[in-house]
Amino acid sequence: MSSLLKVKNELKAKVDAFRERITSEAEDLVANFFPKKLLELDHFLKDPIINISELKEIHSEINLTVPDPIVLSNLHDGLEAQNAKKRKLEDGGGEDMVTGTKVFVMPGGMMKSNGNLVDLIEKVKPEIRTLIEKCNTVKMWVQLLIPRIEDGNNFGVSIQEETVAELRTVEGEAASYLDQISRYYITRAKLVSKIAKYPHVEDYRRTVTEIDEKEYISLKIIVSELRNQYV
């Protein structure tokens with residue numbers, strides 16, 4: 001009784017066609033697409049949009065005015081302040097009396113993102129997605145080339161398995177770049193919300209500027225890493 005698993009001829013023909021298609025795509029990627037993409041990204045790294053020397057040029061104005069200070073007369077008198085604090089503790093509250101400005105609507109409408117960085121991000125994201133997709137195709141091709149165990153050639157198999165592992169690493173790093181972009185937007189949004197609530201605190205405004213500069217530098221590093229992956 002044969003122990004080999006039999007596959008229907010129709011299914012086998014479809015699988016063989018799939019193998020041929022993946023092989024053709026992967027060979028074209030390695031021979032043509034990767035060298036072209038290497039040169040494209042190298043040219044992109046020389047673009048003025050990603051080589052701004054003065055980071056002040058990427059700063060985005062935060063159109064949130066500082067309102068006039070509110071005088072809390074009941075806190076001017078020392079005795080009254082102590083009584084207020086005592087009542088606060090008795091009520092079980094541990095936070096400060098002043099909780100910030102209540103924000104119902106932005107004075108200038110929707111608070112815009114940093115347009116300079118948004119434009120750059122929209123150019124970088126497709127390159128990240130392309131690397132992930134092409135790496136997946138090449139990884140599948142290498143996996144299809146791995147011979148069966150009974151065919152021997154264990155040394156060749158180990159090399160192919162290391163190649164697959166390296167391609168998985170590249171995919172993971174590229175996916176982390178997308179996560180980094182999402183975290184930038186979330187972090188910046190929280191800081192802008194803090195500015196709207198505490199408009200008198202300058203440090204929040206400076207932190208937004210620092211976050212923008214950091215993201216700009218990170219995007220240039222990402223493009224450089226994407227280029228290096230095609231080498």
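Remember, predicted model here, so these are calculated numbers, not experimental data.
A side-chain donor-acceptor contact under 3.5 Å links Asn114 to the backbone of Ile58. The closest donor-acceptor contact from the side chain of Asn51 to the backbone of Asp47 lies under 3.5 Å. Between the side chain of Asn228 and the main chain of Ser224, a donor-acceptor pair closer than 3.5 Å is present.
Between Arg227 and Phe44, the closest side-chain pair of non-hydrogen atoms is not below 4.5 Å. Counting only heavy atoms from C-beta outward, the side chains of Tyr184 and Thr187 never approach each other to under 4.5 Å. No side-chain heavy atom of Tyr216 sits under 4.5 Å from any side-chain heavy atom of Leu219. Here the side chains of Met111 and Ile195 are not in contact, with every heavy-atom distance at 4.5 Å or above. When side chains are defined from C-beta on, Val15 counts as touching Arg19, because their heavy atoms get closer than 4.5 Å. Residues Gln160 and Val164 have side chains not in contact (no heavy-atom distance under 4.5 Å, counting atoms from C-beta outward). At a threshold of 4.5 Å between non-hydrogen side-chain atoms, the residues Asn136 and Lys139 count as touching.
Because its NZ or CZ atom is both nearer than 6.0 Å to the ring centre of Phe33 and within 45° of the ring axis, Lys134 counts as a cation-pi partner of that residue.
The minimum heavy-atom distance linking Arg188 with Asp212 is given by the pair NE-OD1, 2.8 Å. Pairing each heavy atom of Pro199 with each of Arg205, the nearest pair is O-NH2, 3.5 Å.
Leu45 and Leu131 fall within a single hydrophobic cluster, where Ile, Leu, Val, Met, Phe, Trp and Tyr side chains are chained together by heavy-atom contacts under 4.5 Å. Hydrophobic cluster membership differs between Val192 and Ile186, with clusters built from Ile, Leu, Val, Met, Phe, Trp and Tyr side chains linked at under 4.5 angstrom.
Ion pair Lys214/Glu210 not flagged as a salt bridge, since none of the NZ, NE, NH1 or NH2 atoms sits closer than 4.0 Å to an Asp/Glu carboxylate oxygen.
Within 6.0 Å of CD on Gln180 lie more than 12 heavy atoms contributed by other residues, nucleotides or ligands.
In this structure, CD in Glu213 is found 4.5 Å from CG in Leu55, a value given to the nearest 0.5 Å.
With sequence neighbours left out, the ring pair (Phe, Tyr, Trp, His ring centres under 6.0 Å) criterion links Tyr230 to Phe34. Checked against side-chain hydrogen bond (donor to acceptor under 3.5 Å, both in side chains), Asn9 has no partners two or more places apart in sequence or in another chain. With sequence neighbours excluded, no residue forms a side-chain hydrogen bond (donor to acceptor under 3.5 Å, both in side chains) with Asp203.
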Lys123 vs Glu127, test: salt bridge (charged side-chain N to carboxylate O under 4.0 Å, His left out). Steps then yes/no.
CA-CA 7 Å; Lys123 291 183 178 181; Glu127 299 295 345; over 6 Å; no
